[in-house]
Amino acid sequence: MNDMGQGQDEIVRLVQAGRTGDKAAFDRLVLLHQRQAVALALGVLGNRDDAMEVVQEAFLKAHFGLGRLSQPERFRFWLLKIVANEAITRRRAARRRRIMMSLFVAATSQDQLVGSREHENVDELQMAVERAMRQLTDREARAIALFGLDGLPQSEVARIMGCSAGAVRWHVHRARKKLRVLLKEHLE
């Protein structure tokens, strides 16, 4: 049985019915899994409105991707993975916007105080960090973003990434090591 007290057989039946276009069946799947999906998104994002938007987007993706789910009994896991990925994407986008705004404010303040030389340095650093992050593996970038930059606990990062806390530590360690090398000239 899943957390909602519903049998796995019902989930499989609902997924199969949803695949044939049965809207009521998919609505029932949403009802059965919405609380967990919102809790996961809220845990990643920390904002209920953003979490609700992410969950809505995840359910849309699940609805349109239902035909590609090869194991209907794994619907819950599959859905929560979609939610986690959507939440991470939303969090990254928000973080990038915050960083860009901070850099813009810093650059504007720097321009007013010391001229365009500092603005060029801020732009250069921003581009260097973006280039360095692109050189990390996907897992390293996710781990460092969630744990190293956003400050989530390793256990939460492990749950989101679908790996062990030890694997998270390894990915963070590798990411930091690579970033130190890639950003060496900017860290001196």
Side-chain angles (χ1 to χ4, degrees), residues 36-58 60-62 65 74 77-188:
Q36 276 186 304
V38 170
L40 174 59
L42 187 57
V44 173
L45 297 167
N47 177 297
R48 186 157 184 79
D49 292 333
D50 288 345
M52 294 303 288
E53 286 181 28
V54 159
V55 168
Q56 184 177 13
E57 184 66 28
L60 278 172
K61 285 187 176 191
R74 296 191 38 91
F77 173 78
W78 178 70
L79 172 68
L80 293 178
K81 189 72 168 172
I82 293 170
V83 171
N85 288 339
E86 287 296 312
I88 290 166
T89 299
R90 169 76 58 111
R91 188 176 181 115
R92 282 183 188 155
R95 177 148 179 79
R96 278 193 298 272
R97 282 191 301 274
R98 284 192 308 271
I99 289 170
M100 295 297 282
M101 186 55 80
S102 310
L103 290 171
F104 175 76
V105 169
T108 303
S109 300
Q110 295 280 336
D111 282 348
Q112 292 171 353
L113 296 174
V114 295
S116 65
R117 178 85 174 129
E118 287 297 320
H119 179 70
E120 291 170 10
N121 290 339
V122 170
D123 287 345
E124 184 181 323
L125 177 60
Q126 175 190 341
M127 289 180 0
V129 169
E130 289 173 4
R131 278 192 308 271
M133 289 296 286
R134 283 193 301 265
Q135 291 185 40
L136 300 177
T137 67
D138 287 343
R139 286 194 154 298
E140 290 167 347
R142 285 174 64 188
I144 196 74
L146 291 169
F147 175 73
L149 301 176
D150 290 332
L152 290 178
Q154 286 178 354
S155 59
E156 182 76 11
V157 175
R159 191 178 80 192
I160 291 167
M161 291 180 60
C163 64
S164 69
V168 169
R169 283 190 295 278
W170 173 251
H171 293 307
V172 169
H173 168 75
R174 294 283 300 160
R176 286 178 175 161
K177 188 175 178 180
K178 286 180 182 179
L179 289 173
R180 266 189 231 108
V181 170
L182 294 168
L183 297 171
K184 183 180 178 181
E185 67 185 64
H186 299 283
L187 298 174
E188 295 173 340

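As the structure is a computational prediction, the values presented were derived from the model and not from experiment. Values below: all heavy atoms of this structure, side chains included; hydrogens, waters and symmetry mates excluded. Numbers here simply count residues along the sequence, with the first being 1.
When all heavy atoms of Ala143 and Val168 are compared, the pair lying nearest together is CB-O, 4.3 Å. Residues Glu86 and Val54 share a closest heavy-atom pair of CB-CG1, 3.6 Å. Across all their heavy atoms, Ala87 and Ala41 have their closest contact at CB-CA, 4.3 Å. The shortest heavy-atom contact between His171 and Glu140 is O-CG, 3.8 Å. Of all heavy-atom pairs between Val38 and Ala51, the closest is O-CB, 4.3 Å. In this structure, Asn47 and Asp50 approach most closely via the heavy-atom pair OD1-N, 2.9 Å.
To the nearest 0.5 Å, atoms CD (Gln36) and CG (Leu80) are separated by 5.5 Å. In this structure, Glu57 CD and Thr89 OG1 are separated by 10.0 Å, a value rounded to the nearest 0.5 Å. Annotation: the span from Ile160 atom CD1 to Lys81 atom NZ amounts to 10.0 Å, rounded to 0.5 Å. If you take NE2 on His173 and NZ on Lys178, they are separated by 11.0 Å, rounding to the nearest 0.5 Å. Between the CE atom in Met161 and the CG atom in Asn85 there is a gap of 10.5 Å [rounded to 0.5 Å]. Separation of atoms OG1 (Thr137) and CZ (Arg174) is listed at 8.5 Å; rounding is to 0.5 Å.
Within a 6.0 Å sphere centred on CD of Gln56, other residues, nucleotides and ligands contribute 12 heavy atoms or fewer.
Between Glu53 and Arg90, at least one side-chain nitrogen of the basic residue sits less than 4.0 Å from a carboxylate oxygen of the acidic one, meeting the salt-bridge criterion.
No side-chain heavy atom of Val157 sits under 4.5 Å from any side-chain heavy atom of Val172.
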*Could you walk me through whether Leu40 and Arg159 pass side chain to side chain contact (heavy atoms under 4.5 Å, CB included), step by step?*
CA-CA 10 Å; Leu40 174 59; Arg159 191 178 80 192; 3.4 Å; yes
